[in-house]
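Heavy-atom basis, side chains included; hydrogens, waters and symmetry copies ignored.
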Protein chains: 2
Amino acid sequence: MDQRRSPTASERKRDPERTRALLLEAAAAEFGAKGYAATRTTDIAARAGVNKQLISYYFGGKEGLYKELATSWHSSAAEMAHEDQPLDVVLSSFVATTLTDHGRLWAWSNLAGDSPPTDEAFLRGQVDQMRERQAKGELPADLDPGLLLLALMAAAAAPLTLRQTASQITGEDPATPEFAEKYAAQLALLVRHLSGRS
Amino acid sequence: MDQRRSPTASERKRDPERTRALLLEAAAAEFGAKGYAATRTTDIAARAGVNKQLISYYFGGKEGLYKELATSWHSSAAEMAHEDQPLDVVLSSFVATTLTDHGRLWAWSNLAGDSPPTDEAFLRGQVDQMRERQAKGELPADLDPGLLLLALMAAAAAPLTLRQTASQITGEDPATPEFAEKYAAQLALLVRHLSGRS
DNA sequence: GATTAAGTCAACCCGTTGGATGAAAACCGT
DNA sequence: ACGGTTTTCATCCAACGGGTTGACTTAATC
């Protein structure tokens, strides 16, 4: 019964990989919900269902855990790029990430200004796409592509960054898939109007 | 020399009003910079140049001070409304508030979800204005006025809520008057395109 | 000027938080 | 089986942060 190569045997009493993953997941949720400063390491450990000392063991403390998250999501952001999709699709997927723990974390770190929250290459690529769309006439050419991207990203992130205001305006909970879908549809309409086609 | 009615004599050794004001100002700056949880009462007192105990004396503690700020800015927000200005002017002034301590505080509380950050009446008024603009043909009529307002507010708040990303995209510091002006101009162009007129 | 109240401050208190210590438990190769 | 290593845990500790206490100072009132 040599099962030394049983990959991540689901019922192991000891599993460093699983523990690390549990902690990262729990940390993303906690940090995303309350922000770095308000998050207690005890809560992270409790959510992960492991001893809190393991945070120090695996990540060298609270800050190390946070930084690990900050870098880890950069890779995932690159996936989101999905090359050159239509603008409304990009916006829609961006609205979707708004609901994730990583999205909330991104918003916090953006405000706090601790770690560069977005992959530089990703942003550059998106700006280029904007330029292309302007060249194709899909978007007004007299706008600065960077600032246009910024405005659209900010608008797409509204359910997250302006969570409370969104709730006050609409009376609904912006943190639901239904809201995200509805909102993304509105944004799609909006950019359509930008292109000149009504 | 009866000067008991000397109003807020500027050179008094003791002046409750001034002290309260100093604390409120310092608190807005500190809370705005780091958020509630990361802010230390010691720092607030130091910035105000007074003893930290006075926070308890005048506001009943850190939380009381925070709440005082939260309610105080509601009144100032109402002023910003300025009745029915053109949309680009409204957006521009909104971008401007982005640079203030109160603006930063507003962003934090929006993320944290602690206190309703915006005056309900103000929002209602703005939504109504949106509806009017749609009726006048200044804005597309097939968009939900509330969600449109939300998107525009979020876009206007980008230099604040997406401070880091904005910096990454443009290479400039979004927290400057110059940037705000430039960005507001772009937003004005953008909404002009929305109205159909290029 | 004496008495009283309001404002300010330095020092201490105590719960909380993140991290450290050392031991126990599970895994590994032999 | 068994010794060594890695992973996990219960307990403890020092630093920090917000709040309180009580004394001192200034201003108002008599």
Side-chain angles (χ1 to χ4, degrees), chain A residues 1-31 33-70 112 114, chain B residues 1-27 29-31 33-69 112 114:
Chain A
M1 292 300 199
D2 179 25
Q3 61 176 54
R4 71 177 167 185
R5 276 304 117 210
S6 75
T8 59
S10 10
E11 287 318 308
R12 293 256 296 289
K13 296 244 170 136
R14 303 198 140 184
D15 189 339
E17 293 308 315
R18 184 170 53 98
T19 302
R20 275 183 64 100
L22 283 172
L23 277 174
L24 282 172
E25 191 179 0
E30 292 289 325
F31 284 140
K34 315 179 211 168
Y36 179 82
T39 297
R40 307 290 151 229
T41 55
T42 304
D43 295 342
I44 297 177
R47 179 184 283 254
V50 303
N51 188 279
K52 100 185 160 79
Q53 199 281 335
L54 296 179
I55 293 174
S56 292
Y57 183 72
Y58 284 113
F59 305 98
K62 183 186 182 183
E63 193 177 339
L65 181 50
Y66 183 76
K67 286 185 178 166
E68 182 92 0
L69 279 175
D114 37 29
Chain B
M1 294 302 199
D2 178 24
Q3 59 176 54
R4 70 179 169 185
R5 277 306 115 211
S6 75
T8 59
S10 9
E11 288 318 308
R12 294 255 296 289
K13 297 230 169 150
R14 299 195 149 185
D15 190 340
E17 293 309 314
R18 187 171 52 97
T19 303
R20 276 184 62 102
L22 282 172
L23 277 174
L24 282 173
E25 192 179 359
E30 292 290 324
F31 283 141
K34 316 180 210 168
Y36 179 83
T39 297
R40 308 290 154 231
T41 56
T42 304
D43 295 342
I44 297 177
R47 178 185 284 254
V50 303
N51 188 277
K52 96 184 161 78
Q53 198 280 337
L54 297 180
I55 293 174
S56 293
Y57 184 72
Y58 284 113
F59 305 98
K62 183 185 183 184
E63 191 177 341
L65 181 51
Y66 183 76
K67 286 186 178 165
E68 182 92 358
L69 279 175
D114 38 28

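Between Tyr57(B) and Thr19(B) there is no side-chain heavy-atom pair separated by less than 4.5 Å.
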message: Under the criterion side-chain contact (heavy atoms from CB on, under 4.5 Å), I'd like the reasoning laid out for Tyr58(B) against Leu65(B): C-alpha separation, chi angles, the key distance, then a yes or no.
response: CA-CA 8 Å; Tyr58(B) 284 113; Leu65(B) 181 51; over 6 Å; no
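Put simply, OH on Tyr58(A) is 12 Å from P on dT6(D), counting in whole angstrom units. Spacing between atom OH of Tyr57(B) and atom P of dT21(D) amounts to 15 Å, rounded to whole angstrom units. Look at CD1 on Ile55(B): it is 8 Å from P on dG18(D), rounded to the nearest Å. Rounded to a whole Å, the CG atom of Leu23(B) is 9 Å from the P atom of dT8(C). One atom, CZ of Phe59(A), and another, P of dG18(C), lie 16 Å apart when rounded to the nearest Å. Atom CZ of Arg20(B) and atom C1' of dT8(C) are 16 Å apart (whole Å). With rounding to whole Å, Arg18(B) atom CZ is found 13 Å from dT26(D) atom C1'.
In terms of modelled atom types and a separation under 3.5 Å, the side chain of Lys62(B) and the main chain of Thr39(B) share a donor-acceptor contact.
Proximity of Thr19(B) to the phosphate of dT8(C): a side-chain N or O atom is located under 4.0 Å from OP1 or OP2.
Between Glu63(A) and Leu54(B), it is Leu54(B) whose nearest contact on DNA chain C lies nearer the 5' terminus.
How far CG of Leu23(B) is from CZ of Arg18(B): 11.0 Å, rounded to the nearest 0.5 Å.
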Nucleotide N/O to protein N/O under 3.5 Å, stretch nucleotides 11-17 of chain C:
residue	atom	partner	partner atom	Å
dT17(C)	OP1	Arg40(A)	NE	2.9

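Taking a 6.0 Å sphere around CD of Gln53(B), one finds it holds more than 12 heavy atoms contributed by other residues, nucleotides or ligands.
Between Ile55(A) and the options Val50(A), Ile44(A), Thr42(A), a side chain to side chain contact (heavy atoms under 4.5 Å, CB included) holds for only Ile44(A).
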